Amino acid sequence: MTENDIEHYKNRLRKDFYRFRNGAVVESLKNSGTPYVYVFGLLLPQLKEVARNYPKDIDLARALWEEKDCREFRLLSLYLLPLEILNKDDISIFINDIRTIEEAELLPFKVLRNLSFAHEILNDLKNSSSELAIQSPIYSYFLKMFEKNLSAR
C-alpha cells in the first residue's frame, strides 16, 4: 500500500469517525485523563462497523497504530491487522507500544487469541515487565486463557 493510499484512508476514516462521534464518551475519556489528543468517542461495535469498509492491510494498520494522538486510529488498527500473514515481529510492534489499558485489553481479544503462534507470544508476555500487563485484569485474563488452551493441547 502506498503512502498516498494510506493518507486517503486516513481522510476517509476521519469522516467516518465524525459520523459516529459521541460527545458523552469524549467528555468521559477527557475527564479521566486520556493520553490522546483526538478522541471521537466511538464504541467498539462502531469501530467494528467502520473496519468492515477498509482493507485488512499490515501497512495501513501500522500507520494507524503510529498515530499516537488519535484513540480511534490506534484501536481500529487492531481490527485491520491481516491475521493470516502476521508474524511475531509484526505483533511485537504493537505489544511494545501499548499506551492505554484499553489497547492492552483489545489487543489480546482481537488479535493475540487468534494467532497460531500465541504460545510464543504468551511466553514473551509472561517474561515482560510491562506495567499495563500487570494493571489490566482483562489482559491478564486472556493470558490465563492462552495458558489453559495451550496446556489442553
Side-chain angles (χ1 to χ4, degrees), residues 1-14 16-17 20 22 25 29 32 34-36 38-153:
M1 184 170 288
T2 68
E3 296 221 8
N4 284 340
D5 293 335
I6 290 171
E7 283 306 312
H8 170 74
Y9 284 126
K10 284 182 181 178
N11 289 332
R12 276 185 48 202
L13 282 166
R14 286 182 190 98
D16 288 343
F17 294 162
F20 286 108
N22 184 330
V25 174
L29 287 169
S32 67
T34 185
Y36 305 110
Y38 304 104
V39 177
F40 294 90
L42 274 71
L43 303 175
L44 294 181
Q46 293 167 320
L47 280 172
K48 184 176 179 179
E49 183 177 332
V50 169
R52 288 185 189 137
N53 298 314
Y54 294 88
K56 289 192 176 217
D57 180 87
I58 189 67
D59 295 327
L60 179 58
R62 280 186 191 141
L64 295 176
W65 185 255
E66 290 170 5
E67 293 284 338
K68 296 187 185 317
D69 289 340
C70 182
R71 172 185 175 264
E72 283 72 15
F73 275 166
R74 295 215 15 126
L75 297 180
L76 185 70
S77 71
L78 301 176
Y79 285 86
L80 299 180
L81 284 169
L83 301 179
E84 62 281 351
I85 66 164
L86 289 179
N87 61 46
K88 197 172 163 187
D89 291 335
D90 293 329
I91 291 300
S92 69
I93 291 168
F94 292 84
I95 290 173
N96 293 325
D97 190 33
I98 290 173
R99 299 182 65 220
T100 66
I101 290 174
E102 187 175 30
E103 292 172 0
E105 293 172 352
L106 191 58
L107 181 63
F109 182 74
K110 288 302 302 168
V111 181
L112 301 181
R113 71 182 180 145
N114 297 308
L115 297 175
S116 62
F117 52 92
H119 63 285
E120 295 173 33
I121 295 169
L122 173 61
N123 288 332
D124 292 347
L125 291 173
K126 283 171 44 176
N127 298 324
S128 169
S129 60
S130 169
E131 193 171 315
L132 284 173
I134 295 166
Q135 289 178 357
S136 172
I138 295 177
Y139 192 73
S140 298
Y141 166 79
F142 279 108
L143 290 177
K144 288 177 186 173
M145 183 184 73
F146 286 149
E147 285 180 325
K148 283 182 183 178
N149 288 343
L150 293 174
S151 64
R153 288 183 184 176

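What you see is a predicted model; the values in this text were computed from it and never measured.
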* **Main-chain N/O of Asn87 paired to Asp90 side chain as donor or acceptor, under 3.5 Å** => yes
* Asked: Would the number of heavy atoms belonging to other residues, nucleotides or ligands and lying under 6.0 Å from OH of Tyr38 be above 12?
  -> no
* For residues Ile6 and Asp59, report the shortest heavy-atom separation together with the two atoms involved. => CD1-O, 3.9 Å
* Yes or no on side chain to side chain contact (heavy atoms under 4.5 Å, CB included) for Asp5 and His8, after CA distance, side-chain angles and deciding distance? -> CA-CA 5 Å; Asp5 293 335; His8 170 74; 5.5 Å; no
* Donor-acceptor under 3.5 Å (Glu72 side chain, Gly41 main chain) -> yes
* Does the side chain to side chain contact (heavy atoms under 4.5 Å, CB included) test come out yes or no for Phe40 and Val25, once each step is laid out? -> CA-CA 8 Å; Phe40 294 90; Val25 174; over 6 Å; no
* Structure fact -> In this structure, CD1 of Ile58 is separated from CD1 of Ile93 (nearest 0.5 Å) by 7.0 Å
* To do: State, to 0.1 Å, how close Ala118 and Leu112 come at their nearest heavy-atom pair, and which atoms those are.
  => CB-O, 3.6 Å
* How long is the gap from OG1 on Thr100 to CG on Leu106, to the nearest 0.5 Å? -> 9.0 Å
* Asked: Run the side chain to side chain contact (heavy atoms under 4.5 Å, CB included) check on Tyr79 and Leu44 step by step: do they pass?
  -> CA-CA 10 Å; Tyr79 285 86; Leu44 294 181; 3.7 Å; yes
* Structure fact -> Note: Leu60 and Met1 closest approach over all heavy atoms is CB-SD, 3.8 Å
* Structure fact -> Here the gap from Leu64 atom CG to Arg62 atom CZ, rounded to the nearest 0.5 Å, amounts to 12.5 Å
* Does Phe20 have any ring pair (Phe, Tyr, Trp, His ring centres under 6.0 Å) partners at least two apart in sequence or in another chain, and if so, which? -> none
* Sorted by first residue and then second, give each side-chain hydrogen bond (donor to acceptor under 3.5 Å, both in side chains) pair with at least one member in residues 40-57; sequence neighbours left out. => Asp16-Tyr54
* To do: Kindly check if the number of other-residue, nucleotide or ligand heavy atoms within 6.0 Å of CD (Glu84) is above 12?
  => yes
* Return yes if some donor-acceptor pair links the side-chain N/O of Arg113 with the main-chain N/O of Phe109 below 3.5 Å, else return no. => yes
* Residue list, ring pair (Phe, Tyr, Trp, His ring centres under 6.0 Å) with Phe73, at least two apart or on another chain -> Phe17
* Once you round to the nearest 0.5 Å, how far does CG of Leu80 lie from NZ of Lys110? -> 10.0 Å
* Structure fact -> Applying salt bridge (charged side-chain N to carboxylate O under 4.0 Å, His left out) to Asp97 and not counting sequence neighbours gives Lys68, Arg74
* To do: Check step by step if side chain to side chain contact (heavy atoms under 4.5 Å, CB included) holds for Tyr36 and Arg99.
  => CA-CA 10 Å; Tyr36 305 110; Arg99 299 182 65 220; 4.1 Å; yes
* To do: Work out which heavy atom in Val111 is nearest to a heavy atom in Leu115; give both atom names and the distance.
  => O-CG, 3.5 Å
* With sequence neighbours left out, what residues match Glu7 under salt bridge (charged side-chain N to carboxylate O under 4.0 Å, His left out)? -> Lys10
* Structure fact -> In terms of heavy-atom contacts, Leu86 and Phe117 come closest through O-CE2, 3.3 Å
* Going from CG on Leu75 to CG on Leu42, what distance comes out if it is rounded to the nearest 0.5 angstrom? -> 9.5 Å
* **Closest contact, heavy atoms only, Ser77 versus Ala61** => CB-O, 3.2 Å
* Could you tell me which residues satisfy side chain to side chain donor-acceptor pair (under 3.5 Å) with Arg71, sequence neighbours excluded, listed by chain and number? => Glu102
